[in-house]
2 protein chains.
Amino acid sequence: MAEQQNETAERADRDAAREGDEDFALDPRTVEAIVAAVEAGDAAEIERLMEPLHPADIADLMEQIGQGDRARLLALWSRGIDGDILTELHESIREEVIDALPPDVLTEAVRDLDSDDVVDLIEDLDEPQQEKILDALPDADRVAAEQSLTYPEYSAGRLMQREIVTAPEDWTVGQAIDYLRAAKDLPNQFYHVILVDPRRHPVGYVTLGKLLSSKRAAALKDITEDSFRPISVLDEEGDVAYAFNQYHLISAPVVDEDDRLVGVITIDDAMAVLDEEHEEDVLRLAGVSGESSIADGVIETVRQRTPWLIVNLATAILASAVIGEFSASIQAIVALATLMPIVASMGGNAGTQVLTVAVRALATRDLTGSNTRRIIWRELMVGLLNGLIFAVIMGGATWLWFGQPMLALVMAAALIVNLLAAALAGILIPLGLQFMRLDPALSSGTFVTTVTDVVGFLSFLGFATLVLLRH
Amino acid sequence: MAEQQNETAERADRDAAREGDEDFALDPRTVEAIVAAVEAGDAAEIERLMEPLHPADIADLMEQIGQGDRARLLALWSRGIDGDILTELHESIREEVIDALPPDVLTEAVRDLDSDDVVDLIEDLDEPQQEKILDALPDADRVAAEQSLTYPEYSAGRLMQREIVTAPEDWTVGQAIDYLRAAKDLPNQFYHVILVDPRRHPVGYVTLGKLLSSKRAAALKDITEDSFRPISVLDEEGDVAYAFNQYHLISAPVVDEDDRLVGVITIDDAMAVLDEEHEEDVLRLAGVSGESSIADGVIETVRQRTPWLIVNLATAILASAVIGEFSASIQAIVALATLMPIVASMGGNAGTQVLTVAVRALATRDLTGSNTRRIIWRELMVGLLNGLIFAVIMGGATWLWFGQPMLALVMAAALIVNLLAAALAGILIPLGLQFMRLDPALSSGTFVTTVTDVVGFLSFLGFATLVLLRH
């Protein structure tokens, strides 16, 4: 019987592995099995199921399960938590998990981390929790982490690791290889040897592959890579991620204000930043806080989303006040009330298209001073063409529906006006926000739909009042 | 005079460098200077300004300038185009540029590329252009590229490079180092030596750093990395990018259907895929084709955007038909026409928030079978809470504005109903699309706002008709 159970468990594991292999992510069946073990209080089974998982998948699992299951899991399995899992956890549950760990587990967990991971782990924690972790570090690591924390949030200084491999600029390949082969404390991951002058200014770097394949007598400075691009500690992490992606960097030296080498950033950290920035952008465009997570509870979620709904309510009231001005016209021709949302909706959608393209082009540095005028012109032309297309379609539809040619003309004119307004608002509002050094993703959507709602109702009801009622 | 001009030019260059240093991207002033040189037909000046630029920046520049300038630039400077620039160009202008190149320049440009870059370059070209480039390649590279093209689009097989560094699994560190030092044709970039068994199955990999710092007598198989994770040639590139980001991979071996090693994917390619997929997602959410580019002309842009506007028109007409059903009520109480867009707008915004969070969580594998029920429940609770909050605010505002308590009650009830509908539609529609193996980002927005428009108008006008008019 026990054997049969084991067999079933094994088959499930194999299935899970195959499924997992297919799309890499954590398998939902594994999550269910672990939740079942947690609810049964079976620590040995949890251990068995957790053992093959990658720290990133364990972190995802802890985010996916509910708060109650998480607390029970931590009580049963706190010794399993290591530093890698902690750094992978979303900020929204990191504090909760750290609070639940016995002090010795926490100490053990953070001791093995590289300096950049320690900083990443503690930068968003409360002061007392930060202290708890800093105290657990060996002195040298503690000083390094504290130093990194003096750099501004989201700066290259926070992102870099301080473990670097350097060589004097006048060394040969042979000297560098001998040095590396004798070195004790090399970083876990490194891809380049950075050449420094006597004042510790980085002057170039050599890949390990090039080092291995060059003659021992060759000078290091003759085999450096073109891609060498030092980053300043104060550069923003978003700019750093952009540089890695744009210039295909694998690692880049980080220098202080005196151009002296203080650390190195590697591509895996840059990739994580790129991913986070994208995530924030897309959420902000929809009026959701960029910090939101699948692990957030109801109250936290309401807190993140309500502010933009309030802003939207204010703009909706504004649009509705515009309609209120035309009550008499609507009373006279009730078809106006039926048709007016179409004008607003088409404008809102077209505006959102233009705006999204503009926000993305600004984020990827594709929309710059040199092509702004051309792009504004393009969007105006697109808006005009779309306006003409939908004027014909919807003008025709209105004529068929209500049999009133003048009403159809009013619809056509309002659509052209509103699609032009959508084009202008969609491009000028993000540009204006960027010019004022605000995040173009953050509030463009609301402003643009306010414009298209107000212009949509105003033009449609206004034309109708002029054409249909003043005769 | 000439000297003074040179000095001015130099100062501008220094300024540009400093500015460029600040945010890495191509400097708009450089673009302007190059456009000026193009218009003046000054080939020497173009050469001077282009020389310090990175291929990725040159590609950006060609995307940013207008089509006319681009043609003139290519005529004056075609010899400057190399393979790296071609691979960086956005697909929308790549064909145009390749067509403008003299055959010998094109041959020269593609000869130096790695196999993955050749495939990336040609996969979207027309047959004749593909042939032109394949013919320019040395035989071995041509065969490799043709082989890669037999894998499906967006598969790991298209993404991988075929240049790999392997060692038999039973070698020692010393043997591997000697082999590498003697090897002639190592890839431009490599970070691991992949261990293979006699049947060419990859069994592990060793970083170059570990190789350099280990004793010559050590067995390679004792110093392999835990992160080792083979990828199948048929895996989708999006899944590959996810795996790199999730598991902090730097490179990963690619195996065929028989688990034999056929290539390797490196993190810089995975990062580019991650970036593209994000870009497509955000554009699709806004109803724009994921292929769109800042270099597209007016007609191309209209072609990309009109289809979703037509879908939106259909749904707007549906919503407006709902309003039409209540013409009598609106004629009786014209305030209904004024207030009804508020209910629809609040629902649309709340629905977009829920939907965006859901689409992102699906893309990042954070929303899975194991937490779906919890998240649906959370969104319903958030919708209910938001409904209550805005029922109070907007109910109160309606009472103050129109002085009719029953109208205020109708507004409050309609808001609660529509925010609940927004929550349900926002989560269930992307889940349903995903379940049907469609892209949840592609059409969710239209479906969700259709639901919130229809439910918004129906509930508000319906309640009003029941409560205010049937008494």
Side-chain angles (χ1 to χ4, degrees), chain A residues 23-25 28 31-32 54 56 64 66 180 186 190-191 208-209 212-213 239 242-243 245-248 267-268 271 275 278 282 286-288 294 298 301-302 305 312 316 320 323-324 327 330-331 334 337-338 341-342 345 349 352-353 356-357 361 365-366 368-371 374 378 381-382 385, chain B residues 23-25 28 31-32 54 56 64 66 180 186 190-191 208-209 212-213 239 242-243 245-248 267-268 271 275 278 282 286-288 294 298 301-302 305 312 316 320 323-324 327 330-331 334 337-338 341-342 345 349 352-353 356-357 361 365-366 368-371 374 378 381-382 385:
Chain A
D23 62 11
F24 303 106
V31 178
E32 275 159 39
H54 187 282
Q64 286 176 19
L180 289 174
L186 292 177
F190 72 106
Y191 314 102
L208 297 183
L212 274 164
S213 60
D239 292 335
Y242 173 81
N245 193 31
Q246 174 85 345
Y247 304 123
H248 306 283
I267 186 175
D268 52 327
M271 188 175 186
D275 192 45
H278 270 300
V282 68
V288 181
I294 206 79
V298 173
T301 306
V302 170
R305 299 200 193 150
N312 181 64
S320 128
I323 302 174
S327 297
I330 293 172
Q331 200 125 37
V334 76
T338 307
I342 294 177
S345 162
N349 269 267
T352 304
Q353 289 181 334
T356 306
V357 169
R365 278 82 158 166
D366 286 331
T368 66
S370 40
N371 60 352
R374 195 166 59 79
R378 178 186 84 176
M381 286 298 104
V382 172
L385 252 176
Chain B
D23 61 11
F24 303 104
V31 179
E32 275 159 40
H54 188 279
Q64 285 175 20
L180 290 174
L186 292 177
F190 73 106
Y191 314 102
L208 298 183
L212 274 164
S213 60
D239 292 334
Y242 172 82
N245 193 30
Q246 174 85 344
Y247 304 123
H248 305 283
I267 185 175
D268 52 325
M271 189 176 186
D275 192 45
H278 270 301
V282 69
V288 181
I294 205 78
V298 173
T301 306
V302 169
R305 298 202 194 149
N312 180 64
S320 129
I323 302 174
S327 297
I330 292 172
Q331 200 127 35
V334 75
T338 308
I342 294 178
S345 162
N349 269 266
T352 304
Q353 289 183 334
T356 306
V357 169
R365 279 81 156 165
D366 286 331
T368 65
S370 41
N371 60 352
R374 196 167 59 77
R378 178 186 85 176
M381 287 298 105
V382 171
L385 252 176

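Convention: sequence-line order gives letters A, B, ...; per-chain numbering from 1. The model shown is predicted, which means the values in this text are computed figures rather than measured ones.
Contact count versus chain A (heavy atoms, under 4.5 Å) is highest, among B/V357, B/I294, B/D268, for B/I294. Top candidate by heavy-atom pairs under 4.5 Å with chain A, chosen from B/I330, B/T352, B/I323, is B/I323. Heavy-atom pairs under 4.5 Å with chain A were tallied for B/L180, B/V382, B/L385; the largest tally goes to B/V382. Most heavy-atom pairs under 4.5 Å with chain B: of the set A/G324, A/A361, A/A56, this distinction falls to A/A56. With respect to chain B, the highest number of heavy-atom pairs below 4.5 Å among A/N312, A/V282, A/T356, A/V31 belongs to A/N312. When each of B/R305, B/Q331, B/M381 is checked for heavy-atom pairs under 4.5 Å with chain A, B/R305 comes out on top.
For A/L186, the part sitting under 4.5 Å from any heavy atom of chain B is the side chain, from C-beta outward, and nothing else. Interface residue A/S213: backbone and side-chain heavy atoms are both found under 4.5 Å from chain B. Residue B/R374 touches chain A through its side chain alone, counting heavy-atom pairs closer than 4.5 Å.
Considering all non-hydrogen atoms of both residues, A/A316 and B/I342 come closest at O-CG1, 3.8 Å.
Atoms CD1 and NE2, on B/I267 and A/H248 in that order, are 13.0 Å from each other to the nearest 0.5 Å. How far CG of B/D275 is from CG of A/N245: 4.5 Å, rounded to the nearest 0.5 Å.
Take B/H278 and apply the ring-ring contact (aromatic ring centres under 6.0 Å, His included) test, not counting sequence neighbours, and it matches A/H278.
Between the side chain of B/T338 and the main chain of A/S320, no donor-acceptor pair closer than 3.5 Å is present. In this structure, the side chain of A/Q353 engages the main chain of B/G287 through a donor-acceptor pair within 3.5 Å.
Contact of the A/L208 side chain with the B/L212 side chain is registered, since non-hydrogen atoms from C-beta on lie closer than 4.5 Å.
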